[in-house]
K.L.:
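The structure follows.
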Protein chains: 2
Amino acid sequence: MKENMRDILIQTMFESLYHEGYNASNLIDLLKKAGTSKGGMYHYFGSKKELAIEAMRVVGENFIDRFWGGYFERYEDPLAALSELFRALPKATIIGDCPFDFKYGCPLNQMIQEMSALDEDFKTLLELLMDRWIALISKDLKSAQDSGQMGTSFDPDSVARFIVSSIEGTLTLMKVKQDIRIYEENMALLVRTLSVLSFKD
Amino acid sequence: MKENMRDILIQTMFESLYHEGYNASNLIDLLKKAGTSKGGMYHYFGSKKELAIEAMRVVGENFIDRFWGGYFERYEDPLAALSELFRALPKATIIGDCPFDFKYGCPLNQMIQEMSALDEDFKTLLELLMDRWIALISKDLKSAQDSGQMGTSFDPDSVARFIVSSIEGTLTLMKVKQDIRIYEENMALLVRTLSVLSFKD
DNA sequence: TTCTATACAGACTAAATAGTCTGTTTTGAG
DNA sequence: CTCAAAACAGACTATTTAGTCTGTATAGAA
């Protein structure tokens, strides 16, 4: 029942990274929110950066695997599965009580833009997370091809990257426009696109 | 012939924002690069933020208008125009000698992710720039519809947002993967998508 | 040439903040 | 209960950095 302070710190840091970014995140405020102190944090982590990277890794892997893993299996039609997934995404929550609020966009995109050019360790992790995400989608597309539910005229990896790019860009626009209809419209266009790419020519 | 120090400061700040982001940008380093001093900068601008916003505004408007304005008029076929545009984009340069290097992604996306949730003034500007960009594409799509070069079964604004989202997301992936082929593949898929959306059903 | 406003130069200030270090409390094994 | 190791608490340090302020050079008008 008792929550581990290490986990609380990870959770709190993730929220802070998601809402304010890395450089604008203030350790003292963060420790206050987590209900601990400098000593508490530096007991578990060697630095702010170490905690931040661990937070992105743990929460990122968890969310990607739970949300994007094997969703095609839960539906008859792959495209219906994607549609349902896109409908569910805005309502998703990440680990515990940290809401995945669309108004803050995508935490991965946030960190990629701010940190990947500044720090090699961040970049390595973020690339791994993106690859993991893309690979999960690609795997499902591939098995849909193998089972004959989708055509074979497209490369699963390429289309998986296209899907992820489209989502990321849409969330960027969402973040600055604050209008959920943009997301719904774009995802509808994306599904329409995929239906054509998958079954025709 | 003699360059204005105000313009040099704008140029230098833009480069710094693009490469390091706002919070990681250091004024003293920036002034050294620009070849001036504190007094020089605060003579023209009231604060770091004021210079940063002016830099994004000037360079952003300039690039959007010059690069994305009326490109359909320069080609017979709208889709060929888009293909050509996507081919030209990685080679584009922004004002003077600041290279629009793909490895740093898109400066608009960079600032949206880092600043739009932290500062209302940044957010307002960034939204204006995105709207300006989308409106230019939408206008060209609309006139292609009017002239009969494209079908009328799609909404120009929606598709313009979809195009911009796709580009932004692709540049995010580019930034973390550092592979130009991802861009080329995604843009090829995007053009293929648009050709279907524009002419069929 | 003189004079004044613009355009700088750079030392200094003040605040924010990551990281250190010393000490105290809690916990669980023996 | 004892005691040692883990889990904190929080004052302190050191550094970074935006912004200020005083002073100087330069350019153009009269």
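Convention: sequence-line order gives letters A, B, ...; per-chain numbering from 1. These figures come from a predicted structure and were not determined experimentally. These numbers come from the heavy atoms of this one structure, side chains and all, not from hydrogens, waters or symmetry mates.
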K.L.:
Of the listed nucleotides (D:dC8, C:dA7, C:dA18), which one gets closest to any side-chain atom of A:His43?
P.N.:
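Nearest to the side-chain atoms of A:His43, counting from C-beta on, is D:dC8.
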K.L.:
What residues form a side chain to side chain contact (heavy atoms under 4.5 Å, CB included) with B:Leu128, not counting sequence neighbours?
P.N.:
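Side chain to side chain contact (heavy atoms under 4.5 Å, CB included) list for B:Leu128, sorted by chain: empty.
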K.L.:
To the nearest 0.5 Å, tell me how far A:Glu184 CD sits from A:Thr170 OG1.
P.N.:
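Interatomic distance, A:Glu184 CD to A:Thr170 OG1, rounded to 0.5 Å: 11.5 Å.
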K.L.:
Within this structure, what is the CG-to-C1' distance between A:Leu30 and C:dG19, rounded to whole angstrom?
P.N.:
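It works out to 15 Å between those atoms.
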K.L.:
Expressed in angstrom and rounded to an integer, what is the separation of A:Lys32 atom NZ from C:dT17 atom C1'?
P.N.:
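Interatomic distance, NZ of A:Lys32 to C1' of C:dT17: 13 Å.
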K.L.:
Separation of B:Leu27 atom CG from D:dT20 atom C1', in whole Å?
P.N.:
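From B:Leu27 CG to D:dT20 C1': 13 Å.
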K.L.:
For B:Asn26 and D:dT17, what is the distance between atoms CG and P respectively, to the nearest whole Å?
P.N.:
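Distance, rounded to whole Å: 5 Å.
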K.L.:
Between C:dA7, C:dA9, D:dA18, which nucleotide has the shortest distance from any of its atoms to the side chain of B:Ser37?
P.N.:
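Shortest atom-to-atom distance from the side chain points to C:dA9.
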K.L.:
To the nearest 0.5 Å, tell me how far A:Ile137 CD1 sits from A:Phe72 CZ.
P.N.:
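Going from the CD1 atom of A:Ile137 to the CZ atom of A:Phe72 covers 8.0 Å.
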K.L.:
With no hydrogens and no angle check, just 3.5 Å: does a side-chain donor-acceptor pair link A:Gln11 and A:Asp7?
P.N.:
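No pair is found: no donor N or O on one side chain lies under 3.5 Å from an acceptor on the other.
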K.L.:
For A:Tyr42, report the nucleic acid contact type (base, sugar-phosphate, nothing); a contact means any heavy atom under 4.0 Å.
P.N.:
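Base, at least one base atom sits under 4.0 Å.
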K.L.:
Specify the separation, in whole Å, of atom CZ of B:Arg6 and atom P of C:dA7.
P.N.:
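Roughly 11 Å, once rounded to whole Å.
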K.L.:
In this structure, how many angstroms lie between the P atom of C:dT27 and the CG atom of A:Asn4, rounded?
P.N.:
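Those two atoms, CG and P, are 13 Å apart.
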K.L.:
How long is the line joining NZ of B:Lys49 and P of D:dT17, in whole Å?
P.N.:
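Going from NZ in B:Lys49 over to P in D:dT17 covers 20 Å.
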K.L.:
Nearest-Å distance, CE (A:Met5) to P (D:dC8)?
P.N.:
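Rounded to the whole Å, the gap is 5 Å.
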K.L.:
Within 45° of the six-membered ring axis of A:Tyr22 and under 6.0 Å from that ring's centre, is NZ or CZ of A:Lys48 located there?
P.N.:
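Geometry flag: set, cation within 6.0 Å and 45°.
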K.L.:
Mind checking if A:Lys38 touches a base, just sugar-phosphate, or nothing, with heavy atoms under 4.0 Å?
P.N.:
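Touches a base.
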K.L.:
Tell me which of A:Asp29 and A:Gly46 sits closer to the 5' end of DNA chain C, going by the nucleotide each one is nearest to.
P.N.:
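Closest to the 5' end, via its nearest nucleotide, is A:Asp29.
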K.L.:
If you check the A:Thr36 side chain, which of D:dA18, D:dC8, C:dG19 turns out closest?
P.N.:
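Of the options given, the side chain of A:Thr36 lies nearest D:dC8.
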K.L.:
Ignoring the backbone of B:Tyr44, work out which of D:dA18, C:dA7, C:dG19 is nearest its side chain.
P.N.:
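Closest nucleotide among those given: C:dA7.
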